[in-house]
Undergrad: 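Encoded as structure tokens, here's the structure I'll be asking about.
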Amino acid sequence: MAERDFLLGQAREALLGLDGARPEVLEPAPIKLAATVMLVRDDEGPLEVFMLRRVSSMAFAPSLHVFPGGGVDRRDADDELPWAGPPVEEWAELLGTDEASAQMLVAAAVREIFEETGVLLASPAADDGTTKGEPARLDAEVAADLRAKLVAHEIGFGQVLLDQHLVLRSDLLRYRAHWITAEVEPRRYDTRFFIAAVPAGQEPDGETSEADRSEWLRPAAALGAFEDGDILLMPPTLVCLEELAATSTVSAALAVDPTIAPVMPVLVDTDAGPAMRVQLP
């Protein structure tokens, strides 16, 4: 394990209500399962990752650059969810959780990137219920309508797949990290980080009300922008970008087999100011 401190900075200190004293947490906020996905490509040069800047009015992580993702939906556990790739029980073992949670996390990862970027990790269903062919690209108007209905919770992701005769491709995801929000945060998430290559013929658009900016960034450039104060990053995103910066191609990034353990930051006082201290695996 490697100990590391991440200074908060004025913006994060203000969000946590720090006024020179550490806030007293009588009872931490409840934790919600969440998933986020690093969408990567390298067809235009060295590896790039797709990032969103959250709108300043968001209750959690306002104005920060993040990867697409969000909390699970209870319908992500639907028994009728069409599924291909490693079975749920294998994902449960890999993620270190029960099968219902594992299905929700993987389904949430695929659903959230569809909602927030339009990228769909699903392929046409064969007659026997398995999958055939490459990931499908839906008609633009159909996709926009489905994304809006998913965001409004008018339909579940499993129903979207069934209606479009598609099967979720869990084999297109790779598990990369597990972070739990610090106890001092007013909103807390138990988040699994995944990585996936953008399927051929698809292009993320960042059309989500939760973001005011979307862009492809080379990991090293994103880290440089953070150091210069041009963008804001939370520790999980920063560490994931550092790991991505160590690779130059999508194939190399997908092949990484990291040691994964739950990481939960703890607020500490340092000589340089308040910081989030973590124990990295």
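Heavy atoms only: backbone and side chains are in, while hydrogens, waters and symmetry mates are out.
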Undergrad: Return the minimal non-hydrogen interatomic distance between Val119 and Gln202, and the atom names on each side.
TA: CA-OE1, 3.3 Å
Undergrad: State plainly whether one hydrophobic cluster holds both Leu166 and Leu162, where clusters connect Ile, Leu, Val, Met, Phe, Trp and Tyr through side-chain heavy atoms under 4.5 angstrom apart.
TA: no
Undergrad: Any sub-3.5 Å donor-acceptor pair from Arg169's side-chain atoms to Gly85's backbone N or O?
TA: no
Undergrad: With a 6.0 Å cut-off (strictly less than), is the heavy-atom count around CD of Glu154, excluding the residue itself, greater than 12?
TA: yes
Undergrad: For the atom pair CD (Glu215) and CZ (Arg53), what is the distance rounded to the nearest 0.5 Å?
TA: 8.0 Å
Undergrad: I need the full list of salt bridge (Lys or Arg N to Asp or Glu O under 4.0 Å) pairs touching residues 189-200, with sequence neighbours left out, sorted by first then second residue.
TA: Asp190-Arg192
Undergrad: Hey, what do you get for CG (Leu244) to CG (Leu217), rounding to the nearest 0.5 Å?
TA: 11.5 Å
Undergrad: Tell me whether Val263 shares a hydrophobic cluster with Met38, the cluster being built from Ile, Leu, Val, Met, Phe, Trp, Tyr side chains joined at under 4.5 Å.
TA: yes
Undergrad: First locate atom OG1 of Thr181, then atom NZ of Lys32, and finally report the distance between them rounded to the nearest 0.5 Å.
TA: 12.0 Å
Undergrad: Using the salt bridge (Lys or Arg N to Asp or Glu O under 4.0 Å) rule, collect all pairs that involve residues 253-265, keeping only residues at least two apart or in two chains.
TA: none
Undergrad: With sequence neighbours excluded, what pairs up with Phe157 under the ring-ring contact (aromatic ring centres under 6.0 Å, His included) test?
TA: none
Undergrad: Looking only at non-hydrogen atoms, find the nearest pair between Thr247 and Ala253 and report the distance.
TA: OG1-CB, 3.7 Å
Undergrad: Other residues, nucleotides and ligands only: do more than 12 of their heavy atoms fall within 6.0 Å of CD on Glu93?
TA: no
Undergrad: Does one hydrophobic cluster hold both Phe193 and Val250, with members joined at side-chain heavy-atom distances below 4.5 Å?
TA: yes
Undergrad: Below 3.5 Å, can you tabulate the donor-acceptor pairs from side chains in residues 96-108 to any protein atom, sequence neighbours excluded?
TA:
residue : atom : partner : partner atom : Å
Asp98   : OD1  : Ala100  : N            : 3.2
Asp98   : OD1  : Ser101  : N            : 2.9
Asp98   : OD1  : Ser101  : OG           : 3.2
Asp98   : OD2  : Ser101  : OG           : 3.0
Gln103  : NE2  : Asp76   : O            : 3.2
Gln103  : NE2  : Ala77   : O            : 3.4
Gln103  : NE2  : Asp78   : O            : 2.8

Undergrad: Only counting residues at least two apart or in another chain, list the ones meeting side-chain hydrogen bond (donor to acceptor under 3.5 Å, both in side chains) with Arg277.
TA: Asp5
Undergrad: Does anything in residues 232-252 form a salt bridge (Lys or Arg N to Asp or Glu O under 4.0 Å)? List the pairs, not counting sequence neighbours.
TA: Arg4-Glu242
Undergrad: Check Ala211 against Val55 and note the closest heavy-atom contact, atom names and distance.
TA: C-CG1, 3.6 Å
Undergrad: How many angstroms lie between atom CG of Leu280 and atom OG1 of Thr259, to the nearest 0.5 angstrom?
TA: 11.5 Å
Undergrad: For a side-chain contact (heavy atoms from CB on, under 4.5 Å) with Val198, tell me which candidate from Val40, Asp42, Leu39 qualifies.
TA: Leu39
